[in-house]
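Take a look at the structure below.
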Amino acid sequence: MSSTRFEPSLRIEPQSSPILKWFLFVNFFGATVILMIVFPILISLPLGTVLWFYFFQLYQCYILQCAPQSVRLLIRETTGDWLLYTVGGGVKVVTLSPSSYIHPQLIILILKVEGEHYILPLLRESLSQDCFRALSVWIRMRERSIHIQ
């Protein structure tokens, strides 16, 4: 197994994704339609209101990227540390959860720090091609080294 100090640093600056925007909208719209069909109006209206309130929180955080907890920048240093910069100006040293998800078109990073966690969905279109590829390779190599141990 190689030492992390010889690995290059990785700079991840997530951009807004139109695919993620439409995915959120279609799913929340579908959930609202199902609520209206299944439940009476006195139950579905308050539930729909709560559902759409949550939609707007997610939209601000992941599409507009203007919420204070939105991830502005994530850097993996050559030392192996992950630095998380938020829109609100916070800088935190985080650890990457082993339950992060990787797919050829999507990476979902789960970052943990002091009882908090950040979820960072990264579609192929929200990063540069080289950055997406480097992150994918790094996560796969890490998974292999965990399974070998």
Side-chain angles (χ1 to χ4, degrees), residues 1-35 44 46-149:
M1 188 164 97
S2 67
S3 172
T4 58
R5 70 174 199 223
F6 297 114
E7 294 178 14
S9 65
L10 185 60
R11 183 180 177 95
I12 301 166
E13 293 183 70
Q15 303 299 315
S16 182
S17 167
I19 292 174
L20 182 61
K21 174 176 66 173
W22 285 107
F23 177 80
L24 281 174
F25 180 75
V26 167
N27 279 282
F28 277 82
F29 181 77
T32 305
V33 168
I34 291 171
L35 277 175
S44 61
L47 288 176
T49 303
V50 170
L51 186 71
W52 282 96
F53 179 73
Y54 185 59
F55 168 80
F56 287 114
Q57 284 183 328
L58 290 175
Y59 195 83
Q60 279 187 326
C61 190
Y62 297 113
I63 306 303
L64 298 177
Q65 297 174 333
C66 65
Q69 72 273 13
S70 296
V71 176
R72 182 174 54 86
L73 177 65
L74 181 65
I75 300 176
R76 190 187 62 75
E77 297 286 340
T78 55
T79 60
D81 292 333
W82 287 87
L83 296 176
L84 175 81
Y85 295 84
T86 61
V87 171
V91 179
K92 298 179 181 181
V93 177
V94 296
T95 58
L96 185 62
S97 171
S99 60
S100 295
Y101 177 77
I102 186 167
H103 180 272
Q105 299 297 321
L106 171 71
I107 298 173
I108 300 176
L109 297 178
I110 301 172
L111 307 159
K112 296 181 179 181
V113 59
E114 303 167 0
E116 290 182 272
H117 70 278
Y118 293 86
I119 298 173
L120 184 57
L122 300 167
L123 278 80
R124 184 174 284 279
E125 66 177 2
S126 64
L127 292 176
S128 70
Q129 186 176 3
D130 292 336
C131 184
F132 191 89
R133 185 181 312 117
L135 182 59
S136 298
V137 168
W138 189 88
I139 291 173
R140 285 192 178 110
M141 295 300 288
R142 190 180 121 237
E143 287 176 353
R144 285 187 186 137
S145 68
I146 289 173
H147 291 298
I148 290 173
Q149 294 175 356

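The structure presented is a predicted model; accordingly, all values stated were derived computationally and were not measured.
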Looking only at heavy atoms, what is the nearest atom pair of [X] and [Y], with distance?
{"X": "L20", "Y": "P121", "value": "CD2-CG, 4.1 Å"}
{"X": "V93", "Y": "V113", "value": "O-CG2, 3.3 Å"}
{"X": "Q65", "Y": "Y62", "value": "CG-O, 3.8 Å"}
{"X": "H103", "Y": "F132", "value": "O-CZ, 4.1 Å"}
{"X": "Y59", "Y": "K21", "value": "OH-CD, 3.4 Å"}

Measure up the [X] and [Y] rings against each other and bin them: parallel (under 30°), tilted (30 to 60°), perpendicular (over 60°).
{"X": "W82", "Y": "W138", "answer": "perpendicular"}
{"X": "F29", "Y": "F25", "answer": "parallel"}
{"X": "W52", "Y": "F55", "answer": "perpendicular"}

Under 3.5 Å, is there a donor on one side chain and an acceptor on the other for E125 and S17? yes
Could you check if a side-chain atom of [X] sits within less than 4.5 angstrom of a side-chain atom of [Y], using non-hydrogen atoms only?
{"X": "Q69", "Y": "T86", "answer": "no"}
{"X": "H117", "Y": "S97", "answer": "no"}
{"X": "L111", "Y": "L96", "answer": "yes"}
{"X": "F28", "Y": "L58", "answer": "yes"}

Ignoring hydrogens and geometry, is there a side-chain-to-backbone donor-acceptor pair from S9 to E77 under 3.5 Å? no
Any donor-acceptor N/O pair, S100 side chain to I110 backbone, under 3.5 Å: yes
Enter the distance from [X]:[atom1] to [Y]:[atom2] here, rounded to the nearest 0.5 Å.
{"X": "R76", "Y": "L83", "atom1": "CZ", "atom2": "CG", "result": "11.0 Å"}
{"X": "L122", "Y": "Q15", "atom1": "CG", "atom2": "CD", "result": "10.5 Å"}
{"X": "Q60", "Y": "S70", "atom1": "CD", "atom2": "OG", "result": "8.0 Å"}
{"X": "I102", "Y": "L109", "atom1": "CD1", "atom2": "CG", "result": "9.0 Å"}
{"X": "R11", "Y": "S128", "atom1": "CZ", "atom2": "OG", "result": "11.5 Å"}

Give a yes or no on whether a salt bridge exists between K92 and E116, defined as a side-chain N under 4.0 angstrom from a carboxylate O. yes
Quick check on side-chain contact (heavy atoms from CB on, under 4.5 Å): which of L120, I139, I12, L127 does I107 satisfy it with? I139
